[in-house]
Number of protein chains: 2
Amino acid sequence: MDERVSFVDCADGEARQWDHRAGCEVRAVLDRVGDRWSLLALAYLAERTHRFNELWRKIDGVSRRVMTVTLRQLERDGLVRRTVHPTVPPRVDYELTPLGASLHRTVQVLSSWSDRHEAELAAARATYDASVGAA
Amino acid sequence: MDERVSFVDCADGEARQWDHRAGCEVRAVLDRVGDRWSLLALAYLAERTHRFNELWRKIDGVSRRVMTVTLRQLERDGLVRRTVHPTVPPRVDYELTPLGASLHRTVQVLSSWSDRHEAELAAARATYDASVGAA
DNA sequence: CCGCATCCGATAGGATACTG
DNA sequence: CAGTATCCTATCGGATGCGG
């Protein structure tokens with residue numbers, strides 16, 4: 001039997017910056033959407049197309065610079081389509097690609113897990129912290 | 001109809017450092033296992049119980065300090081159980097809790113998505129980079 | 001309106017040396 | 001063996017101001 005669990009071992013067709021099979025598959029996703037804002041942007045765009053400022057205001061808390069960077073990364077990965085309307089003033093629409101929608105749906109599974117188990121996590125933390133404080 | 005997608009809107013029973021409904025549920029998970037090593041540790045522990053150095057050597061690339069911190073966090077969240085054997089030399093076993101195993105299984109869904117779509121992601125990036133280089 | 005450039009602080013995480 | 005302590009760097013992301 002294999003000594004490694006599935007997503008640990010991987011084909012690593014293309015070398016990553018962190019070599020030696022570092023949980024390649026999941027990491028590939030997490031390295032993209034594991035940051036603070038990507039998933040949130042994905043979520044809003046899953047509803048409907050948004051303009052830049054529109055999205056920026058909804059996510060309020062992110063700086064414009066980071067909003068831009070985030071969207072660019074998502075665009076680069078083919079998760080989001082960016083459409084520039086050459087009007088005055090300029091108008092840029094962001095919408096999910098089918099790939100992005102697919103990822104969004106997949107992430108909901110994690111979201112759902114979190115939802116179902118957040119009480120357990122909180123309880124575990126409380127127990128742990130108590131035992132540490134007692135010690 | 002609701003203007004927000006499910007995991008964007010949340011009860012936020014407990015305030016987070018980043019207020020205003022920041023994709024709470026997914027973030028709750030990602031804030032724990034979204035780092036560089038947690039998922040990898042989870043993966044190895046899903047195979048079987050490991051001793052500290054055993055795990056540390058497998059994940060090779062992580063420093064001992066960070067390995068410790070990572071495992072402590074997982075323990076605090078109730079995902080990993082830490083057992084100290086009062087022997088000489090000391091021996092500490094780490095194993096997944098049922099909750100940890102559950103999370104691991106859930107994360108595999110993401111892993112699987114990444115597996116199925118990594119080609120598309122790579123293609124999208126290639127296209128994007130080419131169009132940027134051409135411009 | 002959109003987004004880039006610059007600056008700057010916070011933090012994750014690596015290297016190394018030391019301890020029970 | 002299983003950590004802890006200290007130091008240090010790299011990266012992320014916020015603030016602000018300019019430019020098309």
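Protein chains get the first letters and strands the later ones, always in sequence-line order, with residue 1 at the start of each. Any value given below was found using the heavy atoms of this structure, including those in side chains, with hydrogens, waters and symmetry copies removed.
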Given [options], which nucleotide is nearest the side-chain atoms of [X]?
| X | options | value |
| --- | --- | --- |
| B:Phe52 | C:dC4, C:dG14, D:dG3 | D:dG3 |
| B:Pro90 | D:dG14, D:dA2, C:dG3 | D:dA2 |
| B:Asp35 | D:dA15, D:dC1, C:dG13 | C:dG13 |
| B:Asn53 | D:dT4, C:dG14, D:dC1 | D:dC1 |
| A:Arg36 | D:dG13, D:dA2, C:dG14 | D:dG13 |
| A:Thr68 | C:dG3, D:dA15, C:dA15 | C:dG3 |
| A:Arg72 | D:dA2, C:dC1, C:dC4 | C:dC4 |

Report the distance from atom [atom1] of [X] to atom [atom2] of [N], rounded to the nearest whole Å.
| X | N | atom1 | atom2 | value |
| --- | --- | --- | --- | --- |
| B:Met67 | D:dA5 | CE | C1' | 19 Å |
| A:Arg65 | C:dG9 | CZ | P | 15 Å |
| A:Glu54 | C:dG3 | CD | P | 13 Å |
| A:Arg64 | D:dC18 | CZ | P | 13 Å |
| B:Arg91 | D:dC1 | CZ | C1' | 11 Å |
| B:Leu71 | D:dT4 | CG | C1' | 15 Å |
| B:Leu30 | C:dA12 | CG | C1' | 16 Å |
| B:Asp60 | C:dG13 | CG | P | 16 Å |

Just one of A:Arg82, A:Arg81, A:Arg48 clears the salt bridge (charged side-chain N to carboxylate O under 4.0 Å, His left out) bar with A:Glu95, so which one?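 That would be A:Arg81; it is the only one of A:Arg82, A:Arg81, A:Arg48 passing the salt bridge (charged side-chain N to carboxylate O under 4.0 Å, His left out) with A:Glu95.
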
What I want to find out is whether A:Glu120 reaches A:Arg125 closely enough, with some N-O distance under 4.0 Å, to be called a salt bridge.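 No.
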
Lys/Arg N to Asp/Glu carboxylate O, B:Glu54 vs B:Arg91, below 4.0 Å: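 No.
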
Within the structure shown, what part of the strands sits under 4.0 Å from A:Arg51 by heavy-atom distance: base, sugar-phosphate, or nothing?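 Sugar-phosphate contact only.
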
Does A:Tyr94 have a side-chain nitrogen or oxygen under 4.0 Å from the phosphate oxygens OP1 or OP2 of C:dG3? yes

Would you tell me if any nitrogen or oxygen in the side chain of A:Trp56 comes within less than 4.0 Å of OP1 or OP2 on D:dG14?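 No, no such contact exists.
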
Are A:Met67 and A:Ile59 side-chain neighbours, meaning at least one heavy-atom pair lies under 4.5 Å?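 In short, these two side chains touch, coming nearer than 4.5 Å.
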
Would you check if there is a donor-acceptor pair between the side chains of B:His50 and B:Asp93 at a distance under 3.5 Å?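 Not at all, the side chains of B:Asp93 and B:His50 share no donor-acceptor pair under 3.5 Å.
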
